[in-house]
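Step one of this worksheet: look at the structure below.
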Amino acid sequence: MRAGIVVFPGTNRERDMAIALQGATGTQAVMLWHRDTVLPALDLVVLPGGFSHGDYLRCGAMAAHSPIMTAVRSFAEAGGHVLGVCNGFQILTEAGLLPGALLRNAGLRFLSHDCHLRVEREGTAFTRGWSAGDVFRAPLAHGDGNYVADRETLERLDGDGLVAFRYSDAAGRVDAGTNPNGSAGNIAGVFSRNLRVLGLMPHPEDLVDPLMGGIDGKPLFDGLVQALAA
Ligand SMILES: NC(=O)CC[C@H](N)C(=O)O
């Protein structure tokens, strides 16, 4: 699986992502710069976390207009797989590649702690390493993770099975008490209509080795390799 990681000014999670991808694929991901206009031949494009353009204007708003996003949009429209984590998720919503938006956390504080995610949709390239209802741990670190969308969109996401993950407790219970940031319906990650673009706020790439404190995030990367390995 050939993966490319897009670096914007202010991105800071690209190396975590590269390590997680290398652990799963055995090969190095290609680092891409936001001013690039052409993508090499890739199976997966990753927009990692960070503070692109210092989070000015809105998180991801300026990055969504970077030259490389035209190529990323064409890649996605041609059926390519795109993963956006945290700031990457914000960029994908700002670019219109995923529905909804990420607002300030309900408590207006930057949050940095582990959370639990319940897998809502199995069998996609991103979630084939889990079964629906599985719960895994993932660190979160964001100021703007409050997922919102209009009621129609939320109903469509639910109805079409496009919610990827919900914030839960360790037992998979989902309610206001397990919602860290005010996200509608506890949504932590969503898919595009064709299930080939995924955005999520927490960071599975930061739990892929026992030395990191656990391997809860590994199924994402191992599943992608199984799905996309040429
Ligand atoms: N870790 C991240 O990618 C953070 C995203 C963004 N800067 C926020 O605070 O919401």
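Order of listing sets the numbers, starting from 1, for every ligand and every atom in it. No hydrogens, no waters, no symmetry mates; every other heavy atom, side chains included, goes into these values. Note that the coordinates shown come from a computational prediction; the quantities given were computed from them, not determined experimentally.
Given atom 8 (C) of ligand 1, the protein heavy atom at minimum distance is Gly143 N, 3.4 Å. Among all protein heavy atoms, the one lying closest to atom 2 (C) of ligand 1 is Cys86 SG, 2.8 Å. For atom 3 (O) of ligand 1, the nearest non-hydrogen atom of the protein is Gly50 N, 2.7 Å.
Atom 1 (N) of ligand 1 has its nearest heavy-atom neighbour, among Ala141, Ser52, Gly84, in Ala141.
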The test is side chain to side chain donor-acceptor pair (under 3.5 Å); show your working for Asn186 and Thr178 and say whether it passes.
CA-CA 8 Å; Asn186 282 42; Thr178 68; 3.0 Å; yes
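Ion pairing between Arg128 and Asp222 fails under the 4.0 Å rule for side-chain N and carboxylate O.
Side-chain contact between Arg156 and Pro99: present, with at least one pair of heavy atoms (C-beta onward) separated by less than 4.5 Å. Annotation: side chain of Met201 is not in contact with side chain of Leu140 (no heavy-atom distance under 4.5 Å).
Heavy atoms from both the backbone and the side chain of Asp144 come within less than 4.0 Å of ligand 1.
Remark: ligand 1 atoms within the under-4.0 Å shell around heavy atoms of Gly49 are 3 (O). Near His203, the atoms of ligand 1 lying under 4.0 angstrom from a non-hydrogen atom of the residue are 1 (N). Against a heavy-atom cut-off of under 4.0 Å, Asp55 is close to the following atoms of ligand 1: 6 (C), 7 (N), 8 (C), 9 (O).
The structure places OG1 of Thr25 at 10.5 Å from CG of Leu224, a figure rounded to the nearest 0.5 Å.
Looking only at atom types and distance, the side chain of Ser183 has no donor-acceptor partner in the side chain of Asn146 under 3.5 Å away. A side-chain N or O of Asn181 and one of Tyr167 form a donor-acceptor pair less than 3.5 Å apart.
Polar contact check, Met201 against ligand 1: no nitrogen or oxygen pair lies under 3.5 Å apart. Geometrically, ligand 1 and His142 share no nitrogen or oxygen pair separated by less than 3.5 Å.
The aromatic rings of Phe136 and Trp130 sit parallel, their planes meeting at an angle under 30°, below the 60° perpendicular limit.
Look at Gly145 and you'll find every heavy atom at least 4.0 Å from all atoms of ligand 1.
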